[in-house]
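Some notes on the structure that comes next.
Below, all heavy atoms of this structure are taken into account, side chains as well, without hydrogens, waters or symmetry copies. Only a predicted model underlies this, so the values are computations on that prediction, with no experimental measurement involved.
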Number of protein chains: 4
Amino acid sequence: MTGGRRRSESSRLAILDAARDLLLERGYERLTIDAIAARAGVGKQTIYRWWGSKGAVVADAALEGGLAPPLVPPPDTGDIEADLRAWLRDWTSRLASGGTSLILALTAATAEDHAVADVLYERFTAPHEQLLRDRLEVARMAGQLGSEAPVPTIAGVLIGSLLYRVLSRQEAPTADDADLVVRVVLGGTGG
Amino acid sequence: MTGGRRRSESSRLAILDAARDLLLERGYERLTIDAIAARAGVGKQTIYRWWGSKGAVVADAALEGGLAPPLVPPPDTGDIEADLRAWLRDWTSRLASGGTSLILALTAATAEDHAVADVLYERFTAPHEQLLRDRLEVARMAGQLGSEAPVPTIAGVLIGSLLYRVLSRQEAPTADDADLVVRVVLGGTGG
Amino acid sequence: MTGGRRRSESSRLAILDAARDLLLERGYERLTIDAIAARAGVGKQTIYRWWGSKGAVVADAALEGGLAPPLVPPPDTGDIEADLRAWLRDWTSRLASGGTSLILALTAATAEDHAVADVLYERFTAPHEQLLRDRLEVARMAGQLGSEAPVPTIAGVLIGSLLYRVLSRQEAPTADDADLVVRVVLGGTGG
Amino acid sequence: MTGGRRRSESSRLAILDAARDLLLERGYERLTIDAIAARAGVGKQTIYRWWGSKGAVVADAALEGGLAPPLVPPPDTGDIEADLRAWLRDWTSRLASGGTSLILALTAATAEDHAVADVLYERFTAPHEQLLRDRLEVARMAGQLGSEAPVPTIAGVLIGSLLYRVLSRQEAPTADDADLVVRVVLGGTGG
DNA sequence: CGATAAACGAGACGGTACGTCCGGTCTTGTC
DNA sequence: GACAAGACCGGACGTACCGTCTCGTTTATCG
């Protein structure tokens, strides 16, 4: 006996959409499962059946709800510094336009729930990081990276720097911030 | 205007101690005011009389509850790379020993509550960052920093890199991680 | 109009059996359709296809699930008092052996659901009451009933008295209780 | 250390009033704790702090919410039959005017919850029954009760008969019903 | 025999209410 | 007047069931 109604794709999407909208409207802390269910026109149990926590819903909303920035690889013009600068500027402009609430919400979810942290890292952070690593690998092959530091470390430094700005200032980094970070990482600061 | 009873210092300390303990035990989200009051042997009103929210208590507990690492300036041996390495290694060992729960809890509090973010930044992050900046300033004067990147940016890159590792891996960075970050920032990676 | 599958008798019986068992185990209020379906190995829709409500299932289970006491007419030895005494004692012993949970569950169902009350009265209470009335009618014809009270009233007094004992004491009436009720009703208490 | 806010009498009364109103409006089964709390302008916890179940609230509402008939002793004119008739007629008229929903609700609560049954019996049924017993005791002393049946049995027969009519017919007994019951119990039906 | 169609088991769905937990406020003595 | 105690209102939590609605499967009857 197989059987059983299939998962409703329209409900799934309505939930992710509602979570996205409410997240941007009210922020992570004031986001409630009740409100998501009401806005999505869905029973609460339909949320709890498929997600284990508020953080998990938000993580999925970020991934599939049209909230996350698209997976755009850094350009490859041959000039690693210009390419990184362009890529980070693109990120900063997206953060600036969409507000920082998404990144703050994902950070809160990550910091509070280990399981969410794993999902987000695997499906949100890691793919973007991988694009960055690929570009850095090309640069290394081309002899454009002086130090022997592993590419993952470099990628982590770039991303972490911008995240730290968002957390400590609670506002989006500027294009200048992006440029400076690239300068520090690539140009080095040592004499 | 006759006087009344003065604020009880012992209650104040009991509250901060209880908040600190519970923060480490249960994390920020699962920390409740009721639990703090019960553990501290204090009425809830005594908490609300002096602090405005859970975040404010947590911020104070981090600062005064013996939770925050001491303000230790980076050494100044003249070798900026070695000094930064020592300072960051010191941080990583503290994070490793105390576990990552403190940093995760404070990150969650920061991401969720703007007011907490401000307090923590001003009284927790900024002072440490200032010590780092001072040392970097000395290095710049000594011509040990090649790039023209502002010192605050450099400090942010160093701190953000380590924070990002904690968030994405959910474990404390190693001494090697610290070394690599310093290498990237000081040595540069550009050809 | 071609035919379809016929109603499954085995499912029908499984549902009534499950309802009976669960009614005795948990009482009316804590009895759920989900539990009946699970215990019977049946889909919920199969219950709702044939019964309109929990009450309807319970009523049927009481009637057909082997739950109801058999329809045994009072004996007719010519001595109405002895016969009623025997009949009521028989009831009290059944209540005592089977526990009072059935009578309490059916009373709850009756009190909560008008439709259940009607079905149970028509198909459970009324037939038993009818047997009692028939015997009383015989007694009246034989001149053994002094008062002019209608036979239905007398039957109601006998049954209601015992039911009241079950409800107010929450335990089965004893044989002595049965005897006393018969004595009051037949012997009268007026001077 | 004594201390602590005292139980709010106004909340207690608002809860009982709301429960009474909603019981009469919607019946016992459709009465919800949420609705009581909302109507009373009270937090749900304030209900659960002081009562253990819906049945317990209803029981209290019946007792103190102005819902229960007042404790009126049967008259004592010296004629036990006339007095009982008057008393039971009084009850039937009250049941007829107030509807049977109260008696059905209390019966349901009694049948479903043993603890509620005890409370209701002690504080609702027993006091009324006691008044009846007292009057019957007087009659017995005066030699107006022929049979040796215990007074509590007689009282139970009178009350149970009327209750049975309410349950089986789902409508209030008439004055005629009351008269007939008294006739059966006092006049006897035996030859 | 094959097509048709109703009933089946399973189980997800939108809802409602549950009973609990906690936030932040208010009240009651005590110190 | 600050304090410990603790009841208060409000509101979100995660769970349990309701009665409905698909699913794919089984079983009977009819063409």
Side-chain angles (χ1 to χ4, degrees), chain A residues 1-8 10-12 14 30-38 40-50 52-54, chain B residues 1-8 10-12 30-38 40-54, chain C residues 1-8 10-12 30-38 40-54, chain D residues 1-8 10-12 14 30-38 40-50 52-54:
Chain A
M1 304 300 169
T2 60
R5 189 181 184 172
R6 301 304 167 74
R7 179 173 185 180
S8 162
S10 65
S11 290
R12 194 183 132 266
R30 273 177 295 282
L31 174 65
T32 68
I33 296 282
D34 277 313
I36 295 174
V42 139
K44 278 204 290 178
Q45 194 58 46
T46 299
I47 298 180
Y48 283 109
R49 197 173 356 250
W50 304 108
S53 67
K54 184 172 73 168
Chain B
M1 302 294 170
T2 63
R5 189 177 180 176
R6 297 304 159 76
R7 176 173 186 180
S8 161
S10 65
S11 288
R12 190 182 137 268
R30 276 173 291 281
L31 173 66
T32 68
I33 295 284
D34 279 307
I36 294 173
V42 138
K44 280 205 293 177
Q45 193 57 41
T46 300
I47 297 180
Y48 283 107
R49 204 181 339 262
W50 303 108
W51 290 274
S53 67
K54 181 172 76 167
Chain C
M1 303 294 172
T2 63
R5 189 178 180 175
R6 297 307 158 79
R7 177 172 185 178
S8 160
S10 65
S11 288
R12 191 181 137 268
R30 276 174 291 281
L31 174 66
T32 68
I33 295 284
D34 279 306
I36 295 173
V42 138
K44 282 205 292 177
Q45 192 60 34
T46 299
I47 298 179
Y48 283 108
R49 205 183 336 264
W50 303 109
W51 290 276
S53 67
K54 180 171 78 168
Chain D
M1 306 299 168
T2 60
R5 189 180 184 172
R6 300 302 168 74
R7 178 173 185 178
S8 162
S10 64
S11 290
R12 193 182 133 266
R30 273 176 294 281
L31 174 66
T32 69
I33 296 282
D34 277 314
I36 295 173
V42 139
K44 279 204 291 179
Q45 194 58 45
T46 300
I47 299 180
Y48 283 110
R49 195 172 1 251
W50 302 108
S53 66
K54 182 172 75 168

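- D:R7 pairs by the side-chain contact (heavy atoms from CB on, under 4.5 Å) definition with D:R12, D:W50, D:W51, not counting sequence neighbours.
- Along DNA chain F, the nucleotide closest to D:G43 and the one closest to B:G41 are compared, and the more 5′ of them pairs with B:G41.
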For residues 40-49 of chain C, which side-chain donor-acceptor pairs fall under 3.5 Å, sequence neighbours excluded?
unit_1 : atom_1 : unit_2 : atom_2 : d
C:K44  : NZ     : C:D34  : OD1    : 3.3

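- For B:S8, the side chain to side chain donor-acceptor pair (under 3.5 Å) criterion is met by B:S10, B:S11, not counting sequence neighbours.
- The side-chain contact (heavy atoms from CB on, under 4.5 Å) check on C:R6 picks up nothing, with sequence neighbours excluded.
- Look at CD1 on B:I47: it is 16 Å from P on F:dA2, rounded to the nearest Å.
- Spacing between atom CZ of A:R49 and atom P of F:dA16 amounts to 12 Å, rounded to whole angstrom units.
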Checklist entry - Going 5' to 3' along nucleotides 22-29 of chain E, which nucleotides have protein heavy atoms under 4.0 Å from the base (write B), which only from the sugar-phosphate (write S), and which from neither (write -)? => result SBBBBBBS
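- The side chain of A:T46 contributes no N or O atom lying less than 4.0 Å from OP1 or OP2 of E:dA12.
- Between the CZ atom of A:R7 and the C1' atom of E:dA10 there is a distance of 18 Å, given to the nearest Å.
- Summary of the strand contacts: B:S8 and D:S11 both lie near DNA chain F, and taking for each the nucleotide with the nearest heavy atom, the more 5' one is attributed to B:S8.
- Rounded to 10°, the helix from E:dC1-F:dG31 to E:dC31-F:dG1 has 10° between the axis fitted to its first five pairs and the one fitted to its last five.
- Residue A:W50 places none of its side-chain N or O atoms closer than 4.0 Å to OP1 or OP2 of E:dG11.
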